[in-house]
Amino acid sequence: MWKWLHPYAKPERAYQLAGTLLPWFAVTSLLAFIIGTLWGLAFAPADYQQGDSFRIIYIHVPAAILSMGAYSTMAVAAFIGLVWQLRMADMTVAAVAPVGAVFTFIALFTGAAWGKPMWGTWWVWDARLTSELILLFLYLGVIALYNAFSDKVLAGRAAGILALVGVINLPIIHYSVEWWNTLHQGASITKFDKPSISPEMLWPLLIMILAFAAFLGALSLMRFRNELLMREWHRPWVKEIAEQEK
């Protein structure tokens, strides 16, 4: 069933596939950002308790969700790299990690900005906030490990092991509001049978989640292509690309 993937284990084919997918992710992200931002900021009704300050949800929630989504992607790639020894998987880890770290930082920053008017403080050692901060440190650890070794095979293995160990933090982030008594509010959009958010607010939020997901894909594909070029600089196909761009 995996035979169709075998050709893309070759760096040149993987580079071409990433180049084919990149415009689709970029265009989807741009359109979704425009629609979601206009809808969420201009047309969605104000919250009956928080007023217009709730609109930070359209940045905070997508960034928080995709911070975990990016880490899940990275962990899957790390598993594939460790088990099947595919260099493309290690490069995927290296490509996704900085993007996921930025998304995590955005989630923490916007959460603090939202928490100040709601809780009266920028930060508390709440279970959800603390576990999200740990996620940022995990991302930074993976990035540091990957860049600490000149041997990129060894670097990919070390970064992959840390990425897999850190997976245990994802369910802690997700279920922290249920396992412990925290200031952070519970789930709003994952209760699909009866979301605790009105449809007028929910739809622009879903569009913004799509925008962030496509943006994550676009940035990761760009970084993946750059990583391929740096790792395969001595290959004839890379030299041909360099000649074409001169």
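The structure displayed is predicted, hence computed values, not measured ones.
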Enter the distance from [X]:[atom1] to [Y]:[atom2] here, rounded to the nearest 0.5 Å.
X: Ser176; Y: Asp126; atom1: OG; atom2: CG; result: 7.0 Å
X: Met91; Y: Leu86; atom1: CE; atom2: CG; result: 10.5 Å
X: Ile173; Y: Ile65; atom1: CD1; atom2: CD1; result: 12.0 Å
X: Leu170; Y: Met68; atom1: CG; atom2: CE; result: 7.0 Å
X: Leu221; Y: Leu17; atom1: CG; atom2: CG; result: 8.0 Å
X: Leu129; Y: Trp122; atom1: CG; atom2: CH2; result: 13.0 Å

Discussion item. If hydrophobic residues (ILVMFWY) are linked whenever their side-chain heavy atoms come closer than 4.5 Å, directly or via other members, who joins Ile34 in its cluster?
Written reply: Leu30, Leu38

I want to check something: taking the side chain as every heavy atom from C-beta on, are [X] and [Y] in contact at a cut-off of under 4.5 Å?
X: Thr121; Y: Lys116; value: no
X: Gln16; Y: Glu12; value: yes
X: Leu135; Y: Glu132; value: yes
X: Glu200; Y: Phe43; value: no
X: Pro11; Y: Met88; value: yes
X: Trp125; Y: Leu133; value: yes

Please report the shortest heavy-atom distance between [X] and [Y], naming the atom on each side.
X: Ala46; Y: Phe54; value: CA-CE2, 4.0 Å
X: Ile172; Y: Ser131; value: CG2-CB, 4.0 Å
X: Ala75; Y: Ala163; value: CB-O, 4.3 Å
X: Ile57; Y: Leu205; value: O-CD1, 3.6 Å
X: Ala218; Y: Leu22; value: O-CD1, 3.3 Å
X: His174; Y: Arg128; value: O-NH2, 3.1 Å

Treating [X] as the side-chain partner and [Y] as the backbone partner, does any N or O pair qualify as donor plus acceptor under 3.5 Å?
X: His60; Y: Thr110; result: no
X: Thr28; Y: Phe25; result: no
X: Arg223; Y: Val96; result: no
X: Tyr139; Y: Tyr71; result: yes
X: Tyr15; Y: Lys10; result: no
X: Ser220; Y: Gly217; result: no

Item to complete: Answer with yes or no whether the side chains of Glu232 and Trp237 bring together a donor and an acceptor at under 3.5 Å.
Response: no

What about [X] and [Y], same hydrophobic cluster or not, with Ile/Leu/Val/Met/Phe/Trp/Tyr joined at side-chain heavy-atom distances under 4.5 Å?
X: Phe79; Y: Leu82; result: yes
X: Val102; Y: Leu108; result: yes
X: Val142; Y: Val76; result: no
X: Phe33; Y: Ile35; result: yes
X: Leu202; Y: Tyr58; result: yes

Worksheet entry | Heavy atoms of other groups near Trp123 CH2, more than 12 under 6.0 Å | yes

Practice prompt. Determine whether more than 12 heavy atoms belonging to other residues, nucleotides or ligands lie under 6.0 Å from atom CH2 of Trp39.
Written response: yes

Using a 3.5 Å cut-off and no angle test, enumerate the donor-acceptor pairs between side-chain atoms of residues 147-161 and protein atoms at least two apart in sequence or in another chain.
from	atom 1	to	atom 2	distance (Å)
Asn147	ND2	Ile143	O	2.7
Asp151	OD1	Val153	N	3.0
Lys152	NZ	Tyr146	O	3.1

Fill in: Steps toward side chain to side chain contact (heavy atoms under 4.5 Å, CB included) verdict (Val99, Phe215)
CA-CA 10 Å; Val99 185; Phe215 192 48; over 6 Å; no

Worksheet entry | Asp52 and Arg55 ion-paired at < 4.0 Å | yes

